[in-house]
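Hydrogens, waters and symmetry mates are skipped; everything else that's a heavy atom, side chains included, is used.
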Amino acid sequence: MSNPSVLDYHYLDIQDSIPSELAINKNSTVAQINSTTKTQAGLWIALTIIAIWTVCFIRFLSLDLSQTNWVIIGLALLLQTFLYTGLFITAHDAMHGSLYPNNLKLNHLIGSIAVTLYGLFSYEELLKKHWLHHRYPASDNDPDFHDGEHQSLISWYLYFMIRYWSWWRLIKWAFVFHSIQLLFHISILNLALFWIIPFICSSFQLFYFGTFLTHREPPGGYQNDHCAQSNSLPIFWSFMTCYHFGYHQEHHQYPNVPWWQLPNVRNPQLSP
């Protein structure tokens, strides 16, 4: 057997940071769910999201905006934002090894492709930061948490984005942006509407539903070691808002569970 890669070590670190009393085999529902993730379902769901994003991205970039109703343009922008969020959630599952646990190399490869398409991010860099988030939630060592001063929605979001951004990534964005424009004769407006704006909107969507609402300190203080709370949205709206990422306490308790199985953890009666 080959030695684990640095990606595998960080994946194992994330799993080891979970308190033993919340281990997956302590909960029969989660144990059952965990056994289903050994199938190829997560792999096909991830590939489907990437494929739909790719098809829509190409189609929307070639859209003749002058001949298209503004309602259609608005709906296309919303759809692309939703698909961008799906790309990141796909990569997030890969960071936990739950996208395709049968083959971690393939699991990490798909995660890397997803974050590259999402925003030209380094998968390994994001994995390291996500490991810190799970091990030290709502602390100075948590890269997703505010610094004590930027606690409001907008200031925390801007602080959050700055910590994940870099000049090198901005240069890569500019290069790819102008390369697509020149090589494929794509309108700058199309690129802005269906690439730049959906990325920004999805980043705010992920932050709002997956960080701000779920990790801000409640009036009575944090109620668990994960410093996380879940929203109470029904399954449909939980999916539409952020691919069930709002069921965040369940995610921190059982990080091995993929996004599409989180409703079953929150409501065990939904499990077959």
Flag for [Y]-[X]: side-chain donor and acceptor within less than 3.5 Å:
X	Y	answer
W195	Y84	yes
Y159	H146	no
S66	D64	yes
T85	Y118	no

Can you tell me if [X] uses its side chain to pair, donor with acceptor, with the backbone of [Y] under 3.5 Å?
X	Y	value
N231	L213	no
H226	A228	no
W156	E149	no
W131	M95	no
D93	H96	no
S112	L109	no
E125	S122	no
D142	P137	no
S62	I58	yes
N107	L99	yes

Donor-acceptor pairs are to be reported for all side-chain atoms of residues 43-53 against protein atoms at under 3.5 Å, with residues two or more places apart or in another chain.
{"residue": "W44", "atom": "NE1", "partner": "Q40", "partner atom": "OE1", "Å": "3.3"}
{"residue": "T48", "atom": "OG1", "partner": "W44", "partner atom": "O", "Å": "2.7"}

Side chains of residues 233-242: which donor-acceptor partners sit under 3.5 Å, not counting sequence neighbours?
{"residue": "S238", "atom": "OG", "partner": "H244", "partner atom": "ND1", "Å": "2.9"}
{"residue": "T241", "atom": "OG1", "partner": "W237", "partner atom": "O", "Å": "2.7"}
{"residue": "T241", "atom": "OG1", "partner": "S238", "partner atom": "O", "Å": "3.2"}

Checklist entry - How about F194 and F57: are their ring centroids closer than 6.0 Å? => result no
Checklist entry - Ring centroid separation for H251 and H92, is it under 6.0 angstrom? => result yes
Checklist entry - Who else is in the cluster with W70 when I, L, V, M, F, W and Y are joined by side-chain contacts under 4.5 Å? => result V71, L75
Checklist entry - Under a single-linkage rule joining Ile, Leu, Val, Met, Phe, Trp and Tyr whose side-chain heavy atoms are separated by less than 4.5 Å, which residues share a cluster with I171? => result W168
Next on the checklist: By the definition side chain to side chain donor-acceptor pair (under 3.5 Å), identify the one residue from Q249, Q253, E250 that meets it with S230.
Outcome noted: E250
Item to check | Under the side-chain contact (heavy atoms from CB on, under 4.5 Å) test, residues paired with L170 that sit two or more places apart | outcome: W165, W167
Checklist entry - Tell me, do I196 and W173 make a side-chain contact under 4.5 Å, heavy atoms counted? => result yes
Checklist entry - So do the side chains of Y247 and V265 get within less than 4.5 Å of each other, counting heavy atoms only? => result no
Next on the checklist: Set out, in order, the CA-CA distance, both residues' side-chain angles and the distance that settles ring pair (Phe, Tyr, Trp, His ring centres under 6.0 Å) for Y243 and F88, then state yes or no.
Outcome noted: CA-CA 10 Å; Y243 293 76; F88 189 88; over 10 Å; no
Item to check | Carboxylate-amine/guanidinium proximity below 4.0 Å for K129 and E124 | outcome: no
Checklist entry - Do the rings of F245 and H248 sit parallel, tilted or perpendicular, given the 30° and 60° boundaries? => result perpendicular
Item to check | All salt bridge (Lys or Arg N to Asp or Glu O under 4.0 Å) counterparts of R59, not counting sequence neighbours | outcome: none
